Student: 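The structure is given below, and queries will be raised subsequently.
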Amino acid sequence: QVQLVESGGTLVQPGGHLRLSCETAGFKFGNYALSWIRQAPGKGLEWISAVDGNGARATYADSVKDRFVISVDLAKKTLHLRMNNLKSDDTGVYYCAKYRRFDRPLGVGALSEVELRGPGTQVTVSS
């Protein structure tokens, strides 16, 4: 059974940083692309970053590019998201998600091809 469990969300001040983690189980980590998706209060899901199964290539939404870094720890079967220079607009529930393919989907596929996502972790950026 595929399992994704996020952690690391908390309250942080604007300009601060956080690292989110997603522990995984139930599938061969490294063979499937993964992503981070978020949902701001009262809004729909927003894809923010995706990475190929082995972590070699990644893409980012314009809203987080140059501030967030996605990475995989193949040994620990864990996905990470390093978030720098956080803004109030980054507030929301952050989900990690798995695809059914090795290479990360681009464009509209980034959301539509999600196979499964975790329960999420809350990130609040506020002074």
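In this text, all values refer to a predicted model and were calculated from it rather than measured experimentally.
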Student: Quick check against the 3.5 Å criterion: does T24 have a side-chain atom that pairs as donor or acceptor with the backbone of T78?
Tutor: no
Student: Are any non-hydrogen side-chain atoms of T59 and K65 less than 4.5 angstrom apart?
Tutor: no
Student: Do W47 and V93 sit in the same hydrophobic cluster, where Ile, Leu, Val, Met, Phe, Trp and Tyr count as joined when their side-chain heavy atoms come under 4.5 Å apart?
Tutor: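 Yes, it is one cluster - the side chains of W47 and V93 are joined through contacts under 4.5 Å.
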Student: Can you tell me how far OG of S88 sits from CD of Q13, rounded to the nearest 0.5 angstrom?
Tutor: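 The CD atom of Q13 sits 13.0 Å away from the OG atom of S88.
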Student: Which atom names give the shortest non-hydrogen contact between P119 and Y95, and what distance separates them?
Tutor: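 Minimum heavy-atom contact is O-CE2, 3.4 Å.
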Student: Does M83 reach the side chain of V64, with side-chain heavy atoms less than 4.5 Å apart?
Tutor: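 No - every pair of side-chain heavy atoms lies 4.5 Å or more apart.
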Student: Are the side chain of S49 and the backbone of I70 linked by a donor-acceptor contact shorter than 3.5 Å?
Tutor: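 Side chain of S49 to backbone of I70, a donor-acceptor pair under 3.5 Å: no, none is there.
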Student: If we count only N and O atoms by modelled type, under 3.5 Å, do the side chains of S21 and H80 hold a donor and an acceptor together?
Tutor: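 Distance-only check passes for S21 and H80.
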Student: For N31, is the CG atom crowded, meaning more than 12 foreign heavy atoms sit under 6.0 Å from it?
Tutor: yes
Student: Are I48 and L116 linked, directly or through other ILVMFWY residues, by side chains that come within less than 4.5 angstrom of each other?
Tutor: yes
Student: Could you walk me through whether V69 and Y60 satisfy the side chain to side chain contact (heavy atoms under 4.5 Å, CB included) test, starting with their C-alpha distance in whole Å, then the side-chain angles of each, then the deciding distance to 0.1 Å, before giving a yes or no?
Tutor: CA-CA 8 Å; V69 179; Y60 299 90; 3.9 Å; yes
Student: Verify side chain to side chain contact (heavy atoms under 4.5 Å, CB included) between V72 and F29, making sure each step is shown before the conclusion.
Tutor: CA-CA 9 Å; V72 299; F29 192 89; 4.0 Å; yes
Student: When clusters are formed by joining ILVMFWY residues with side-chain heavy atoms under 4.5 Å apart, either directly or through shared neighbours, do L20 and V12 land in the same one?
Tutor: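 Cluster IDs for L20 and V12 match.
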Student: Checking the side chain of Y99 only, and the main-chain atoms of A110 only, is there a donor and an acceptor separated by less than 3.5 Å?
Tutor: yes
Student: What are the two closest non-hydrogen atoms of Q39 and G44, and how far apart are they?
Tutor: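 It is CG-O, 3.8 Å.
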Student: Would you say that I37 contacts V114 through its side chain, given a criterion of any heavy-atom pair below 4.5 Å between the two side chains?
Tutor: yes
Student: With side chains defined as the heavy atoms from C-beta onward, is the minimum distance between T10 and L18 less than 4.5 Å?
Tutor: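 Yes. Closest side-chain heavy atoms under 4.5 Å.
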Student: A side-chain contact here means heavy atoms from C-beta on lying under 4.5 Å apart; do L79 and E23 qualify?
Tutor: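 Heavy-atom side-chain distance check fails, nothing below 4.5 Å.
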Student: Which heavy-atom pair separates P41 from G92 by the least distance, and what is that distance?
Tutor: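 Smallest heavy-atom distance, with atoms named: CD-CA, 4.4 Å.
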Student: Do the side chain of D73 and the main chain of K76 share a donor and acceptor less than 3.5 angstrom apart?
Tutor: yes
Student: Is it true that a side-chain atom of T121 and a backbone atom of G9 form a donor plus acceptor pair closer than 3.5 Å?
Tutor: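 Present.
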Student: Locate the shortest heavy-atom distance separating E6 from W36; write the atom from each residue and the value.
Tutor: CG-CZ3, 3.9 Å
Student: Any chance the side chains of E46 and S63 put a donor and an acceptor closer than 3.5 Å?
Tutor: yes
Student: Could you give me the CA-CA distance, side-chain angles and deciding distance for L11 and S126, then say whether side chain to side chain contact (heavy atoms under 4.5 Å, CB included) is met?
Tutor: CA-CA 7 Å; L11 172 65; S126 175; 4.1 Å; yes
Student: If every non-hydrogen atom of D52 is compared with every non-hydrogen atom of R104, which pair is closest and at what distance?
Tutor: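 For D52 versus R104, the nearest heavy atoms are OD1-N, 2.8 Å.
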Student: Checking R67 side chain against N85 main chain: does a donor-acceptor pair fall under 3.5 Å?
Tutor: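 Such a contact is found between R67 side chain and N85 backbone.
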Student: Would you give the length of the straight line joining atom CZ of R19 to atom OG of S7, rounded to the nearest 0.5 angstrom?
Tutor: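 OG of S7 is found 9.0 Å from CZ of R19.
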Student: Could you go step by step and tell me if D103 and R57 meet the salt bridge (charged side-chain N to carboxylate O under 4.0 Å, His left out) rule?
Tutor: CA-CA 8 Å; D103 54 315; R57 297 181 299 176; 5.5 Å; no
Student: Hey, is the main chain of A56 close enough, under 3.5 Å, to the side chain of N54 for a donor-acceptor pair?
Tutor: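 Yes: the side chain of N54 pairs with the backbone of A56.
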Student: How close do F102 and G30 get, counting heavy atoms only, and between which atoms?
Tutor: CE1-O, 3.5 Å
Student: Which residue is it: R101, R100, K98? I am looking for the one with a salt bridge (Lys or Arg N to Asp or Glu O under 4.0 Å) to E113.
Tutor: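 The option that passes is R101.
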Student: Could you go through the side chain to side chain contact (heavy atoms under 4.5 Å, CB included) check for F68 and L81 one step at a time?
Tutor: CA-CA 7 Å; F68 290 11; L81 184 69; 4.0 Å; yes
